[in-house]
Structures are given as C-alpha cells and as structure tokens.
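Both backbone and side-chain heavy atoms feed into the values below; hydrogens, waters and symmetry mates do not. Just so you know, these numbers come straight off a predicted model, no measurement behind them.
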Amino acid sequence: MAKEQTGIKERQRTDLREPRRYKVTIYNDDFTTMEFVVKVLVEVFFKTEAEAETLMLQVHHSDKAVVGIYSYDVATSKVRKATRMAREASFPLRLTVEEE
C-alpha cells in the first residue's frame with residue numbers, strides 16, 4: 001500500500017540569534033577641527049548639537065570616544081560616509097568599527 005500523504009509538514013527548529021553589534025570609535029588628531037567633528041556627528045551619526053559637542057570634547061580630552069553601536073552594515077556605512085566627508089574637506093579624521 002502507498003504511504004498516506006497529509007498536508008502537515010514537520011517543523012524544523014531554527015536558531016534565531018540577535019545580530020552582532022559593532023561599536024564605532026572616533027579618534028582625536030591634531031588637524032581635524034572641532035567644528036568639523038561636530039558636523040560629522042550631527043550629519044552622519046544623527047547626534048543632537050549638545051550630544052555632538054559632548055562627544056567632541058570627550059574625543060579631544062581622551063583621544064577617542066565611542067559614537068554609536070550598530071549592526072555591521074550600518075556601522076561600516078557610517079564610517080565610510082564620515083571618512084569620505086573628512087577626506088573631501090582634507091581632514092585625516094579616523095574612525096574604526098570593532099565588534100562589541
């Protein structure tokens with residue numbers, strides 16, 4: 001006899017995990033102006049003026065600051081955009097993406 005077919009499929013277990021998070025760090029240098037750093041933080045990272053100024057001062061005094069934590073694609077996209085803005089303005093601003 002033929003095996004009876006039913007419309008029920010067996011469920012497969014899928015392990016869903018939250019995506020990894022990556023932190024974007026901005027570094028201090030002697031050439032990039034404070035105003036430009038604030039501009040990047042506002043335009044690329046969507047910080048308020050007050051948040052941007054606080055982060056800029058943290059970078060100035062501590063040599064670096066974490067500006068945000070994002071998924072990998074978002075983090076790398078923001079770093080590329082900020083770096084492109086800096087190079088177009090002839091600044092050596094440096095940002096990195098690291099796994100949290």
Side-chain angles (χ1 to χ4, degrees):
M1 278 188 124
K3 190 175 181 181
E4 188 177 318
Q5 298 255 339
T6 63
I8 300 174
K9 289 187 178 182
E10 190 176 317
R11 289 187 182 194
Q12 292 181 349
R13 184 178 175 118
T14 16
D15 291 327
L16 297 177
R17 293 183 215 136
E18 202 166 307
R20 291 185 180 146
R21 309 289 284 173
Y22 294 83
K23 61 183 178 181
V24 175
T25 305
I26 189 169
Y27 295 88
N28 189 32
D29 63 69
D30 294 334
F31 304 102
T32 307
T33 63
M34 293 178 174
E35 293 81 13
F36 184 78
V37 172
V38 169
K39 178 182 176 179
V40 167
L41 292 171
V42 169
E43 292 181 14
V44 177
F45 295 94
F46 304 111
K47 303 294 182 188
T48 64
E49 286 285 330
E51 289 174 318
E53 287 183 19
T54 302
L55 279 169
M56 176 270 300
L57 288 172
Q58 183 180 350
V59 170
H60 183 68
H61 294 296
S62 305
D63 290 334
K64 67 180 179 178
V66 174
V67 296
I69 299 174
Y70 308 96
S71 67
Y72 182 78
D73 291 338
V74 173
T76 55
S77 175
K78 287 183 179 289
V79 167
R80 269 189 253 122
K81 185 175 182 180
T83 303
R84 185 174 56 247
M85 281 177 65
R87 296 309 174 267
E88 287 172 359
S90 299
F91 289 122
L93 184 65
R94 185 168 73 101
L95 298 103
T96 59
V97 174
E98 302 170 48
E99 192 170 347
E100 188 181 35

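At least one donor-acceptor pair under 3.5 Å links the side chain of R87 to the backbone N or O of L93. Side chain of K47 to main chain of T54: no donor-acceptor pair is present (N/O by atom type, distance under 3.5 Å, no hydrogens or angles).
When the salt bridge (Lys or Arg N to Asp or Glu O under 4.0 Å) test is applied to R17, no partner is found at least two apart in sequence or on another chain. With sequence neighbours excluded, the residues forming a side-chain contact (heavy atoms from CB on, under 4.5 Å) with V59 are I26, N28, A65, listed by chain and number.
V74 and F46 fall into different hydrophobic clusters, defined by Ile, Leu, Val, Met, Phe, Trp and Tyr side-chain heavy atoms under 4.5 Å apart, directly or through other members. Put simply, V24 and V42 are part of the same group of oily side chains (I, L, V, M, F, W, Y) that touch within less than 4.5 Å, one to the next. Cluster annotation: L55 is connected to M34 through the hydrophobic network of ILVMFWY side chains, with a link wherever side-chain heavy atoms come within less than 4.5 Å.
The line from CE of M56 to OG1 of T32 is 12.5 Å long, rounded to the nearest 0.5 Å. Going from atom CD of E99 over to atom NZ of K23 covers 10.5 Å, rounded to the nearest 0.5 Å.
Residues Y27 and T25 are in side-chain contact: their nearest non-hydrogen atoms beyond the backbone lie under 4.5 Å apart.
L41 and A52 make their closest contact through CD1-O, 3.5 Å (heavy atoms, listed as atom of the first residue, atom of the second, distance).
Among residue pairs with one or both ends in residues 58-92, those qualifying as ring-ring contact (aromatic ring centres under 6.0 Å, His included) are Y22-Y72, F36-F91; sequence neighbours excluded.
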